[in-house]
Every structure is written in C-alpha cells, then in structure tokens.
Amino acid sequence: QTLQASAAQCSIARLSIVTGLADTTATVNNISTSDPAVASAVSTAQGGLSAALTAIDTIVQALQAGVAPPADARDQVGTGLGEALAALNSINSTDAGITAAVANAQTQLNDTITAGQQVVDDCGSGRRQHRRVLLRPPPLHLPLHFLLRLPLHFPPRPQLHLAPAPTRHATPRASTL
C-alpha cells in the first residue's frame, strides 16, 4: 500500500469518526427525556460523547501543529465512546419513540466506534507513525462552506505576441467614368 493511499484512508477514517460523533450527538440530544431514568442515561451518554469530542479536538490540534498527539487522548476517545454506549445500552423504555431513537443512536455510535478503530488501524499508533506525523502533518480538511469563501487567485494568462498579419495594399484602380 502506498503512503499516499494510506494517508487518504487515514483522512477518510478521521472524517468518519468526526461526522459519526456529530450525528450520534444530534440523535442522543433528540431522545425524549420525560422519563427520569432515560434522562439520566441520556445525560451520561452526552457526557461521554462530549469527552470523546474534546479528546478528538486535542488530537486534531496536535496534528495541525505538526506534533504527535498525546497518547492519552486516544484513550480518552475510547473511554468517552464506551461510556456513551454503556449509557445507551442501559435505557429500557416501553415508549416506542424512545426505543427507536435509542436504537438509532446505538447504531450510529457503533459505526463511530468502528470508524475510531479504523483511525487506529489506518493512521497507526506506533512510534513510526508519530515520526511521519512530525515530518509532514496530514492536510488540513476544511469544510466546503469555508473553501467557497476563499478568494481564488489564478496566475495571469500568458500573452500571445503575434506579429501583425501583413497587410495588402490595394492598388487604386482607375475609375472609368
């Protein structure tokens, strides 16, 4: 596998965990908390997701600075996701709406956990990977709306300098009157 393909897979995996975490958080935030037991579990899940997001932010800042991410940040992501999953798994409701929302959140969270494992697999966690990160951090991925606001600067077009076409001088004709 080439280094470029590996870097692309790593970037895709990183994007997947961030988008998965955002989707899961939105779904968890929409779970009805009318039942106190559900409210407590949702609060715990939100705390775990928030902790994971904070750790991911720490990792991203380190990568953007060109330094190796703190080793404990990856563990904090795993711990936060695990806490959120345990909280969601503890919800036992007879309300069909809550049950469906929890099932959706669990599916999204499991996909996010899979993406997190993919980051570990594709981006590496050993010393060799950190050395590569120190030498060349991955490209910064900016949201599309940000890229659309950037001014575009194109190099000037080359000017073609053509010699003027020879002109024909018409000889005056004698007019016959």
Side-chain angles (χ1 to χ4, degrees), residues 1 5-130 132-134 137-146:
Q1 186 177 59
S6 177
Q9 287 176 331
C10 177
S11 294
I12 290 169
R14 286 179 178 150
L15 180 62
S16 295
I17 191 171
V18 171
T19 58
L21 191 55
D23 292 345
T24 303
T25 300
T27 301
V28 168
N29 289 343
N30 288 325
I31 295 174
S32 172
T33 55
S34 56
D35 178 345
V38 172
S40 175
V42 165
S43 179
T44 301
Q46 290 168 330
L49 294 171
S50 178
L53 186 59
T54 300
I56 288 173
D57 187 50
T58 300
I59 292 169
V60 168
Q61 287 178 11
L63 292 173
Q64 288 177 342
V67 298
D72 63 334
R74 186 184 68 202
D75 296 336
Q76 290 173 355
V77 172
T79 300
L81 295 177
E83 288 174 4
L85 186 60
L88 291 174
N89 288 340
S90 73
I91 296 175
N92 186 11
S93 177
T94 56
D95 183 317
I98 292 175
T99 303
V102 170
N104 187 24
Q106 288 169 324
T107 299
Q108 289 175 331
L109 184 54
N110 283 323
D111 291 346
T112 302
I113 291 169
T114 300
Q117 186 57 50
Q118 197 69 38
V119 169
V120 172
D121 294 345
D122 290 344
C123 302
S125 60
R127 207 161 179 235
R128 189 179 80 211
Q129 173 67 20
H130 292 287
R132 185 172 67 89
V133 169
L134 286 170
L140 175 64
H141 298 286
L142 300 172
L144 182 59
H145 65 85
F146 178 79

**Q.** Rounded distance [0.5 Å steps], CZ in Arg74 versus OG1 in Thr58
**A.** 14.5 Å

(Q) Less than 4.5 Å apart, side chain to side chain, heavy atoms only: is that true for Leu49 and Thr112? (A) no

Q | Separation of Ile17 CD1 from Leu81 CG (nearest 0.5 Å) | A | 5.5 Å

(Q) Taking the side chain as everything from C-beta on, heavy atoms only, tell me whether Thr25 gets closer than 4.5 Å to Leu53. (A) no

(Q) Using every non-hydrogen atom in the two residues, find where Pro70 and Ala62 come nearest and quote the distance to one decimal. (A) CD-CB, 4.2 Å

Q. Do the side-chain N and O atoms of Gln61 and Asp57 include a donor-acceptor pair separated by under 3.5 angstrom?
A. yes

Q) Do the side chain of Ser43 and the main chain of Ala39 share a donor and acceptor less than 3.5 angstrom apart? A) no

Q.
Nearest 0.5 Å, please: how far is CG in Asn29 from CD in Gln46?
A. 4.5 Å

Q: Could I get the full list of side-chain hydrogen bond (donor to acceptor under 3.5 Å, both in side chains) partners for Asn104, not counting sequence neighbours?
A: none

Q. Partners of Thr107 by side chain to side chain contact (heavy atoms under 4.5 Å, CB included), sequence neighbours excluded?
A. Asp111

**Q.** Minimum heavy-atom distance between Ala45 and Val28, given as atom pair plus value
**A.** CB-CG1, 4.2 Å

Q | Point-to-point distance, once rounded to the nearest 0.5 Å, from CD of Gln108 to OG1 of Thr27 | A | 3.5 Å

Q.
Are Arg14 and Leu63 packed together at the side-chain level, in the sense that at least one heavy-atom pair is separated by less than 4.5 angstrom?
A. yes

Q. Does Gln117 reach the side chain of Val120, with side-chain heavy atoms less than 4.5 Å apart?
A. yes

Q) To the nearest 0.5 Å, how far apart are CG in Asp35 and CD1 in Ile98? A) 6.0 Å

Q: Please name the pair of heavy atoms, one in Ser16 and one in Ala115, separated by the smallest distance, quoted to 0.1 Å.
A: CB-CB, 3.8 Å

Q.
Given 3.5 Å as the limit, does a donor-acceptor pair link the side chain of Thr24 with the main chain of Ala105, or not?
A. no

Q.
Please give me the minimum heavy-atom distance between Ala55 and Ala73, naming the atom from each residue.
A. CB-O, 3.4 Å

Q: Heavy atoms only: give me the nearest Ser93-Val38 pair and the separation to one decimal.
A: CB-CG2, 4.4 Å

Q: Apply the side-chain contact (heavy atoms from CB on, under 4.5 Å) test between Val102 and each candidate in Asn89, Asp95, Ile91, Asn92; give the one that qualifies.
A: Ile91

Q: Would you indicate whether the side-chain heavy atoms of Val60 and Val18 approach each other to under 4.5 Å?
A: no

Q. What are the two closest heavy atoms between Ala41 and Ser90, and how far apart are they?
A. CB-OG, 3.7 Å

Q: Any chance you could measure Thr99, atom OG1, to Ile31, atom CD1, to the nearest 0.5 Å?
A: 10.0 Å

